[in-house]
Amino acid sequence: MDLLADLNEPQRQAVTCPGGPLQVLAGAGSGKTRVLTYRVAWLIASAGVSPQEILAITFTNKAANEMKERIESLVGPVARTMWVSTFHAACARILRKEAPHLGYMNNFTIYDTADQVRLVRRCLKELDLDIKRFTPKGIHAVISSAKNQLIGPQEFTGMVDGFYDDTAARVYELYQKMLFTNNAMDFDDLIMLTVTLFKAFPERLGHYQHSFRHILVDEYQDTNHSQYRLVNLLGRQHRNVCVVGDDDQSIYSWRGADIRNILDFEKDYPDAMVVKLEQNYRSTQTILSAANSLVCNNSDRKSKKLWTDAGEGEPVRVVAVSDEHAEARFVAGEVNRLRGEGIPPGSVAVFYRINAQSRVLEDIFVRYGIAYRVVGGTKFYERAEIKDAIAYLLLIDNPADSVSFMRVINSPKRGLGQAAVTALAGYAGSEGITHLEAAARADRIAAIRPAARKSLKAFQALITDLAAATASSPVAATIEAMLAGSGYLDMLKAERTIEAEGRIENLQELVGVAAEYDQRAVGGSLRGFLQEISLYTDVDKLAVEQEAVTLMTMHNAKGLEFPAVFIIGAEEGIFPHSRSLEEQNLEEERRLCYVAMTRARRRLYFTHATTRNLYGGRSYNMASRFIEEIPARLTRVEAEPGTRTVSGGHYGKPVTPVPDAGSAAGTFFHAGDNVVHAAFGEGVVTRVEPGGGVTVRFSRDGSERTLMVEYAPLKKV
DNA sequence: GGTTATGCTATTTTT
DNA sequence: TAGCATAACC
Ligand SMILES: Nc1ncnc2c1ncn2[C@@H]1O[C@H](COP(=O)(O)OP(=O)(O)OP(=O)(O)O)[C@@H](O)[C@H]1O
């Protein structure tokens, strides 16, 4: 069987394990994901397991799609009926069928984090609590972590004490009630309610236990308790549970992930077969040794061997720069240099600790003309206009959804004030009807003025009409009709600003996404579309655009690999982040560093800046302790000219100056260059000034301005 | 009731 | 710094 030809011996052993509990605990790049993928393929192709009997769990939707594709390429289209998804998506799929058992409707809405926090805020207000003291975010975090522990509202109330937690418990109860009346669930509910369902309806559990003959979980080190329980319940009958992971790569404890899940697997399944993988197929020996030395500073870990036959490779480069601009310029210059070494920009990734760090990088990349794409950050689906549009669609699909109703009832402005909306909500509550139904009966609500009544009724009619039309029209058409009919598009057009144009473009992109869905999904529906995008994040659409540098947080980098990796902002306070230090999470930060480093195949860089602007203030940071945890023999330490380090010479090695990456104005702009400025438009360089300035004459108004190259949003054309 | 301004605040990581 | 929420104002 040629499936097995792509595997080494221990991998083959894991892949062909006939059944029973199986654990693969192994270091980075040792082929764990490959094992999982091939095991699924093998089960289908050689063990007579039907694809429908397989449940494979991945960490992101993107990883799920990749795995599906890979399996399909190994065993053919039969693979399409497998369940390969995230925990959340799998549970959502189960609950779409089973929700009525729990009193929810099948078309429940899934609230994203912002919706959840908004709902908590509403609960706090309803209970007349001090929002300053009990911040919606804080309370939400408490509720979320309770749910991750499978602690429902009543149970939570019963077990906590102390004023804060008691208050949180009251909010939790109301919050859960509100979700229920809105026919909505939050992310954590997806898992918790699935477990609840299985506990309350054993025959439903039996059904799924029976149908999932094999359960496989990737990135098992980042599962939380509720997910653990779920796997445990589902796997009870066949006991064909295969988990794959690396305790050193557990980086989501703040989201409830519990490293004990993987460490205790053998306790839960004493008969488990345990396979170790020790050959790394990704990185050079230098990178591996560096990462390993680093992570050895953690206690409480299962030590793992890891070797490679890829050779020594280049030293890890550690570069000191003066500030974040110099840092970005260094990276940009290096990206250009790497091209010459056969590493195109598409093979380069830049990782940072916090999203805010991407800004400067983007600025400089634009100026250098380097293509890049940012993964994560302000996400497409979190933009206000997209959320508004989706809220309309959700309301069309689920008239009971009061959060969506509230979101869009006055955007665009419909002449409804606080008073009218409150009266409407009150009426809906007392009559036990939805907000939308209440809008239809606006005439009966005394507190609402005639003009407002009229627009409420019009709104209700709009939504109802759109809902009636959805069955017979493609999703894209529904969205277009909604944008036009609601006046949303007109509102943006009337604004006549750059931002509004951008928003219109975003909405067009949404229509595009829907059109793509219409084409692809046979028997597609508005509901299907909404369900698909409700669990969708930007990481999932990380398209393999060639030639663009990838910018993302280290968390997003999990599971990926790149020939060259830059880890920027390697400074105390940033990485490790000061907040993590406060919370005693140094070891998790170190694991994050380990994950980031082991994404690199051949080249690895750390940069740290003496000073940087962050949150509006200037800070001076020492180089990250993580840098010092890498043995000096594996690194090459350098400093850009003019860089002074904070603590001075704490490296074990003399510092070699690095040639300037080309920041001087002269190297970038020449008299006669055509340029474009973000605010002033197109122009031409008339003079290059000493000291990093250029004089540009702008064609728009004929003005001449002298600009500092370092700061001006100026680009060659 | 709507608009605008100012005033605040919170800024880690995300399915 | 910027993004949001509330307050003052029209
Ligand atoms: N037997 C093998 N022969 C050749 N290449 C392999 C083999 N096994 C894995 N690889 C390659 O090694 C790389 C890492 O594999 P994979 O992503 O499965 O590892 P992993 O253990 O899941 O990594 P991580 O935990 O770091 O995300 C991939 O490029 C994969 O194609």
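Computation of the quantities below employed the complete heavy-atom set of this structure, encompassing side-chain atoms and omitting hydrogens, waters and symmetry-equivalent molecules. This is a predicted model, so every value here is computed, not measured.
Across the protein-nucleic acid pair, A/Lys147 atom NZ and B/dT15 atom P stand 18 Å apart, rounded to whole Å. Here B/dT15 presents its P atom at 15 Å from CD1 of A/Ile57, a figure rounded to the nearest Å. Rounded to whole Å, the distance from CZ on A/Phe575 to P on B/dT12 is 16 Å. Rounded to an integer number of Å, the gap from A/Phe59 CZ to B/dT13 P is 15 Å.
Remark: ring of A/Trp254 stacked against base of B/dT13; centroid gap under 5.5 Å, plane tilt under 30°.
Comparing B/dT13, B/dT15, B/dT3 by their nearest atom to the side chain of A/Lys413 picks out B/dT3. Comparing B/dT15, B/dG1, B/dT12 by their nearest atom to the side chain of A/Arg353 picks out B/dT12. Distances were taken from every side-chain heavy atom of A/Thr60 (C-beta onward) to each of B/dG1, B/dT15, B/dT13; the shortest belongs to B/dT15.
With sequence neighbours excluded, the residues satisfying side chain to side chain donor-acceptor pair (under 3.5 Å) with A/Tyr605 are A/Glu334. A/Glu69 is linked by a side chain to side chain donor-acceptor pair (under 3.5 Å) to nothing, counting only residues two or more places apart in sequence or in another chain. Evaluation of the side chain to side chain contact (heavy atoms under 4.5 Å, CB included) rule for A/Asp258 yields A/Arg260, A/Asn261 as partners, not counting sequence neighbours.
B/dT12 and C/dA5: their C1' atoms are spaced 23 Å apart (whole Å).
Residue A/Ile251 is out of contact with every strand shown, counting any heavy-atom pair closer than 4.0 Å. When heavy atoms are screened at a 4.0 angstrom cut-off, A/Ala452 is found touching no nucleic acid atom at all. Within 4.0 Å (heavy atoms only), A/Glu583 reaches at least one base atom of the nucleic acid.
Projected onto DNA chain B by closest heavy-atom contact, A/Ser580 and A/Ala419 fall at different nucleotides, the more 5' of which corresponds to A/Ala419. Heavy-atom distances to DNA chain B give each of A/Gly415 and A/Glu589 a nearest nucleotide, and the one nearer the 5′ end belongs to A/Gly415.
A side-chain donor-acceptor contact under 3.5 Å links A/Tyr208 and A/Glu98.
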Verdict with supporting geometry, A/Phe566 and A/Phe351, ring-ring contact (aromatic ring centres under 6.0 Å, His included):
CA-CA 6 Å; A/Phe566 292 82; A/Phe351 301 154; 9.7 Å; no
Pair A/Arg591-A/Glu588, salt bridge (charged side-chain N to carboxylate O under 4.0 Å, His left out): steps then yes or no:
CA-CA 5 Å; A/Arg591 289 194 291 270; A/Glu588 180 149 314; 3.2 Å; yes
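Applying the 4.0 Å criterion to OP1 and OP2 of B/dT13, one finds that A/Asn556 has every side-chain N and O outside that range.
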For nucleotides 2-10 of chain C, give me one character per nucleotide, 5' to 3': B if any protein heavy atom sits under 4.0 Å from the base, S if the only such contacts are to the sugar-phosphate, - if neither.
-S--S----
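Taking all atoms of both residues into account, the shortest heavy-atom contact from A/Val321 to A/Ala326 is CB-CB, 4.0 Å.
Using a cut-off of 4.0 Å between Lys/Arg side-chain N and Asp/Glu carboxylate O, A/Arg612 and A/Glu327 are scored as salt-bridged.
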Within the sub-3.5 Å range, which N or O atoms of nucleotides 7-11 of chain B have a protein N or O partner, and how far apart are they?
residue, atom, partner, partner atom, Å
B/dT11, OP1, A/Lys137, NZ, 3.2
B/dT11, OP2, A/Lys137, NZ, 2.6

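Taking the centre and axis of the six-membered ring of A/Phe108, the NZ or CZ atom of A/Arg96 falls inside the cone set by 45° and 6.0 Å.
Sorted by first and then second residue, the pairs that involve residues 402-418 of chain A and meet salt bridge (charged side-chain N to carboxylate O under 4.0 Å, His left out), not counting sequence neighbours, are A/Asp388-A/Arg407.
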